[in-house]
There are 2 protein chains.
Amino acid sequence: MSAALPPFPHTEEPFGRTELLQLDTTAHEPDACLRADAARNRARLLDAAARLVAEHGAAGVTMEAVAAAANVGKGTVFRRFGDRTGLLTALLDHSEKKFQAAFLGGPPPLGPGAPPVERLRAFGCAMLRRSAEQLDLQLAAEPSADRRFASPPLRVLHGHVALLLRQAVPDADTELVAHTLMGYLNPVLIHHLTRQCGMPLERLEAGWRDLVDRVTATAPDTAG
Amino acid sequence: MSAALPPFPHTEEPFGRTELLQLDTTAHEPDACLRADAARNRARLLDAAARLVAEHGAAGVTMEAVAAAANVGKGTVFRRFGDRTGLLTALLDHSEKKFQAAFLGGPPPLGPGAPPVERLRAFGCAMLRRSAEQLDLQLAAEPSADRRFASPPLRVLHGHVALLLRQAVPDADTELVAHTLMGYLNPVLIHHLTRQCGMPLERLEAGWRDLVDRVTATAPDTAG
DNA sequence: TAACGATCCGGACCGAGGTCCGTTTAATTT
DNA sequence: AAATTAAACGGACCTCGGTCCGGATCGTTA
């Protein structure tokens, strides 16, 4: 098996850094340290992609279509964004960063200052609303199974939840509980429940708050 | 938009029945009511697919490869199984049915007879072990996002969990809690935790039991 | 400003999933 | 047994994601 040496030197976020929870607003301004033409094409591509989403929905965002709409070769799209998921993720990046800023440094109850359980409640409801808005994109941007849980944006969210849980229920296996909670916020599930089952978002929010309460209630010791 | 009238009359399980929790051991013996040649080819295909999995792993199961190995046209594979997911799912069907039988009618604590919370605990651990065995196939058989939660096998599992939850915590929104619990058992997550993070299965099992206990502990009323 | 090397570009190319439709065949009816 | 028809067959064909590599470009060094 030829261990993949990167075909492209500068592909975007080829695979996430391990340091967690940096607020990379400045850290990773994508156009910096990019050759002039490359930066210009990147902008064109994102622009074209956004236009296509607006016109034909996320399903209409074909790599070739984007390339064509941006007057750029197909290879360029892949060099810049790695794959389709990468492109769509980049499209969501702005909203993502805003959200990160909100729960990392914004006002309570989402940001620091409120007790952890309250922050958890706020976090989930915020995510539910955010995902409900961008469902199309969120679904289309889902990574392939093998990197689903390794995707940098998800890792940040997971890390945050795990952190709050450590404060709220230090005795639990917070890593696992965090995965459980994040599962509830999975866009695919949200899509299923709201669009395919017709549940109102309020029910999901109530469900989230209840879930947080159950999970953070002080330890059960029904020894198995 | 042309509302798809089924291209093939007899494609397997084109989309699930709504009745839940039938033990369809007899209900849907696939070869019955299938034309002789069709049944024969179906068998050939499953056989070929299984052989390919054994030899090259699930990744090596190409629709064309299966068709070739079974001495059958490509179109035949798709008519019979709908798509790749359908084929892989059919490959898992036997194990699936066995598992269903175990928790629907087998001996406690998995089957009826034990108190619901205990059955839940047993159910999760059984699923964890089952998925850990067939991870390759389970991952490869994951349905595309839009039908992930509509897939018949998942619906049966979900329905079972919801049923037990209704007995254990009748006041909760059991539908949502069931989704939460099922999320913990998602093969993609199991793969991530065991193979990519190196967690031992025992930790996942302990996590499951703890989760069940937390979730079924009598209602929290920290009114949000 | 000339030359050079790293980076980027573009589009031909490939593989795999999925569709189409003219042809063949199994079951049923007369 | 011949006729009929619904179902199954097969493989050419399409689309789309992803790769490859010869040639163009940028930025730097002299």
Side-chain angles (χ1 to χ4, degrees), chain A residues 2 4-12 14 30-45 48-49 52 56 58-89 140-144 146-147, chain B residues 2 4-12 14 30-45 48-49 52 56 58-89 140-144 146-147:
Chain A
S2 54
L5 40 157
F8 307 129
H10 275 183
T11 292
E12 196 142 309
D31 293 12
C33 78
L34 218 53
R35 234 173 69 173
D37 51 352
R40 177 185 43 111
N41 283 339
R42 181 177 193 279
R44 273 195 198 169
L45 283 167
L52 284 181
H56 311 93
V61 181
T62 286
M63 296 307 258
E64 282 196 272
V66 176
N71 275 314
V72 143
K74 196 179 174 184
T76 303
V77 193
F78 284 94
R79 172 171 325 90
R80 194 55 48 211
F81 297 103
D83 57 10
R84 202 178 112 101
T85 292
L87 173 60
L88 270 351
T89 301
E142 181 181 68
S144 65
D146 47 316
R147 34 191 76 179
Chain B
S2 54
L5 42 157
F8 307 128
H10 275 182
T11 293
E12 197 144 306
D31 293 12
C33 77
L34 218 53
R35 234 172 66 171
D37 50 352
R40 177 184 44 110
N41 284 339
R42 181 176 193 278
R44 274 194 198 170
L45 284 168
L52 285 181
H56 313 112
V61 181
T62 286
M63 295 307 258
E64 280 194 273
V66 175
N71 275 312
V72 144
K74 197 178 174 184
T76 303
V77 192
F78 284 93
R79 172 169 324 92
R80 193 56 49 210
F81 298 103
D83 58 9
R84 201 178 113 102
T85 292
L87 173 61
L88 270 351
T89 301
E142 182 180 68
S144 66
D146 48 315
R147 36 191 76 177

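Chain letters run A, B, ... following the sequence lines, proteins first, then strands; residues in each count from 1. Since the model is a prediction, treat every value here as computed from it, not as a measurement. Because only heavy atoms are used, hydrogens play no part in the values below, and waters and symmetry mates are left out as well, while side chains stay in.
- One can place CG of B:Leu87 at 14 Å from C1' of C:dG18, the figure rounded to the nearest angstrom.
- Judged by distance alone, with hydrogens and angles left aside, the side-chain atoms of B:Thr76 form no donor-acceptor pair with the main-chain N or O of B:Val72 at under 3.5 Å.
- With DNA chain C read from its 5' end, the first of the two nearest nucleotides for B:Gly82 and A:Ala38 is the one closest to A:Ala38.
- A donor-acceptor contact under 3.5 Å links the side chain of B:Arg35 to the base of D:dA7.
- Spacing between atom CG of B:Leu45 and atom P of D:dA8 amounts to 13 Å, rounded to whole angstrom units.
- Rounded to a whole Å, the CZ atom of B:Phe78 is 13 Å from the C1' atom of D:dC13.
- We find that NZ of B:Lys74 is positioned 9 Å from C1' of D:dC13, with the value rounded to whole Å.
- Between B:Val61 and B:Arg40, it is B:Val61 whose nearest contact on DNA chain C lies nearer the 5' terminus.
- Between C:dG10 and A:Thr76, a contact under 4.0 Å exists linking OP1 or OP2 to a side-chain N or O.
- Between A:Asn41 and A:Arg80 there is no side-chain heavy-atom pair separated by less than 4.5 Å.
- Contact annotation: A:Arg79 reaches the phosphate of C:dC9 (side-chain N/O to OP1 or OP2, under 4.0 Å).
- In this structure the side chain of B:Met63 never reaches within 4.5 angstrom of the side chain of B:Asp83, judged on heavy atoms.
- Between the side chains of A:Asp146 and A:Ser144, a donor-acceptor pair is found at a separation under 3.5 Å.
- The distance from atom CE of B:Met63 to atom P of D:dG10 is 14 Å, rounded to the nearest whole Å.
- OP1 or OP2 of C:dC9 lies within a sub-4.0 Å distance of a side-chain N or O belonging to A:Arg80.
- Residue A:Leu34 places its side chain closer to C:dC8 than to any other of C:dG11, D:dC16, C:dC8.
- Within the structure, a side-chain polar atom (N or O) of A:Asn41 is placed less than 4.0 Å from OP1 or OP2 of C:dC9.
- B:Arg84 places its CZ atom 17 Å from the P atom of D:dG17, with the value rounded to the nearest Å.
- Projected onto DNA chain D by closest heavy-atom contact, A:Ala36 and A:Glu64 fall at different nucleotides, the more 5' of which corresponds to A:Glu64.
- Not one N or O on the side chain of B:Arg42 forms a donor-acceptor pair closer than 3.5 Å with the backbone of B:Phe81.
- Per the geometry, CG belonging to B:Asp37 stands 13 Å off P belonging to D:dA7, to the nearest Å.
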